[in-house]
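These values consider heavy atoms only, across backbone and side chains, with no hydrogens, waters or symmetry-generated copies.
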Amino acid sequence: MLRRLIAVLLMAWLVVGVVLGLSLFIFIHTSNHQQNEELHIDRGSSFHQIIETLQQHGIIANGTLFKAYVILSGKVGKMRAGDYTFPAQ
């Protein structure tokens, strides 16, 4: 009986995680720019500055959710300075 309860709870947790993860992925990857966006990220920009720049230019729709995504995916240290082109959506 206890094993069955644990199995049901784990499956429910897994389903909730998948649904939330997919929702977050779809929301984060929905941008609002209509044409190609050229963007320069300055050397020495902080994680928060980069996300603010991306949000100001319409590359990401929600900076807070994008921060959560980047942190949870372990990619905070992989954001780099440089020149980027984001295609129109």
Checking S73 now: which residues fulfil side-chain hydrogen bond (donor to acceptor under 3.5 Å, both in side chains) with it, not counting sequence neighbours? none
List for me each residue that meets side-chain hydrogen bond (donor to acceptor under 3.5 Å, both in side chains) alongside T85, sequence neighbours excluded, and say none if there are none. E38
About how many Å separate [atom2] of [Y] and [atom1] of [X], when rounded to the nearest 0.5 Å?
X: Y69; Y: N62; atom1: OH; atom2: CG; value: 14.5 Å
X: Q49; Y: D42; atom1: CD; atom2: CG; value: 8.5 Å
X: I59; Y: T53; atom1: CD1; atom2: OG1; value: 10.5 Å
X: I51; Y: S45; atom1: CD1; atom2: OG; value: 11.5 Å
X: H57; Y: L39; atom1: NE2; atom2: CG; value: 5.0 Å

A side-chain contact here means heavy atoms from C-beta on lying under 4.5 Å apart; do [X] and [Y] qualify?
X: L10; Y: L14; answer: no
X: L65; Y: I60; answer: no
X: V70; Y: F47; answer: yes

